[in-house]
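Data first, discussion second: the structure below is written as structure tokens.
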Amino acid sequence: MTIAIRPARLDEAPALAALIVRSVRELQAADYTPEQLDGALGSVFGVDRQLINDGSYFIAEIDGALAGCGGWSRRRTLYGADAVADRDDAELTPGIDAARIRAFFVEPRFARRGVGAALLAACEAAATAYGFTELELGATLTGIPLYSRYGYRAVEHTEAPLPNGLSLAIVRMVKTPAV
């Protein structure tokens, strides 16, 4: 099995949105309630077209099938879909600010097969090539084991407010990659 990583295109946003719903509903169900997931879809979880426009959002494919997606960002927003009202798209400064690792989702039938790790490696390589010396992300409870395995450490536990009045536990994690 070979995992191919390539940049996402804007015309793929509907397929990415559908993958995100499947990933969230199946892979995050053990960590969050159905009501939390309902509130998070389209706000905390969703397509971020800014990442696609920046060329920093990637698709993982296995035998031509969409297996996952994830990206990195040179923008201030730590997490959330492009529909979130309070996002901050101001640019970060490489060498001073931490690049953001963003919006990782895996197709459930490809879970636990290295898709997330392959996307993470591609994002880290691209962010460090851009000049960033530190990486930061907002991990879901489901994502913490993956990120911890690759050297990220938890620095803050927060609650992301959801449009339905609930909140979603998020853990801010950081990593200083070897350059």
Side-chain angles (χ1 to χ4, degrees), residues 3 5 8 16-17 19-48 50-51 56-60 67-84 86-88 92 97-108 110-128 132-163 166-178:
I3 301 169
I5 306 291
L16 293 171
L19 176 143
I20 290 167
V21 170
R22 289 189 301 275
S23 180
V24 166
R25 295 256 183 244
E26 292 186 40
L27 301 180
Q28 299 206 23
D31 295 308
Y32 300 104
T33 68
E35 295 79 17
Q36 285 175 302
L37 297 178
D38 287 344
L41 282 165
S43 62
V44 175
F45 304 137
V47 176
D48 186 335
Q50 182 68 62
L51 294 177
S56 62
Y57 201 61
F58 301 109
I59 285 178
C69 53
W72 71 278
S73 182
R74 62 181 186 265
R75 312 255 177 207
R76 292 214 175 277
T77 295
L78 186 60
Y79 58 83
D82 56 10
V84 174
D86 64 347
R87 52 185 294 117
D88 183 353
L92 300 165
D97 299 311
R100 310 304 196 231
I101 300 296
R102 301 269 321 275
F104 274 56
F105 301 95
V106 174
E107 176 65 48
F110 293 116
R112 315 290 182 275
R113 294 172 69 182
V115 173
L119 285 163
L120 186 58
C123 291
E124 289 179 349
T128 56
F132 286 96
T133 57
E134 188 172 33
L135 305 167
E136 180 177 7
L137 57 86
T140 62
L141 299 177
T142 309
I144 292 170
L146 169 71
Y147 300 122
S148 295
R149 188 175 319 118
Y150 291 97
Y152 288 81
R153 68 186 196 310
V155 294
E156 180 183 24
H157 295 259
T158 64
E159 293 286 327
L162 302 174
L166 300 175
S167 64
L168 194 78
I170 299 288
V171 178
R172 191 168 64 89
M173 302 180 82
V174 297
K175 178 181 179 178
T176 302

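Small disclaimer: the values here were computed from a predicted structure and weren't measured.
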If you round to the nearest 0.5 Å, how far is [atom2] of [Y] from [atom1] of [X]?
{"X": "I20", "Y": "F105", "atom1": "CD1", "atom2": "CZ", "result": "4.5 Å"}
{"X": "K175", "Y": "E134", "atom1": "NZ", "atom2": "CD", "result": "12.0 Å"}
{"X": "F132", "Y": "L92", "atom1": "CZ", "atom2": "CG", "result": "5.0 Å"}
{"X": "Q28", "Y": "T142", "atom1": "CD", "atom2": "OG1", "result": "4.0 Å"}
{"X": "Y79", "Y": "T140", "atom1": "OH", "atom2": "OG1", "result": "12.0 Å"}
{"X": "L16", "Y": "I59", "atom1": "CG", "atom2": "CD1", "result": "4.5 Å"}

Trace of the side-chain contact (heavy atoms from CB on, under 4.5 Å) decision for F45 with L168: CA-CA 11 Å; F45 304 137; L168 194 78; 3.6 Å; yes
For the backbone of [Y] and the side chain of [X], can you confirm whether one donor and one acceptor N or O come within less than 3.5 Å of each other?
{"X": "Y147", "Y": "A154", "value": "no"}
{"X": "S23", "Y": "L19", "value": "no"}
{"X": "R102", "Y": "G80", "value": "yes"}

Do the charged groups of D97 and R75 touch, with an N to O distance under 4.0 Å? no
Got a sec, which residues hit side-chain contact (heavy atoms from CB on, under 4.5 Å) with T158, two or more places apart in sequence or on another chain? E156, I170
Criterion side-chain contact (heavy atoms from CB on, under 4.5 Å) on W72 and L135, from CA distance to verdict: CA-CA 9 Å; W72 71 278; L135 305 167; over 6 Å; no
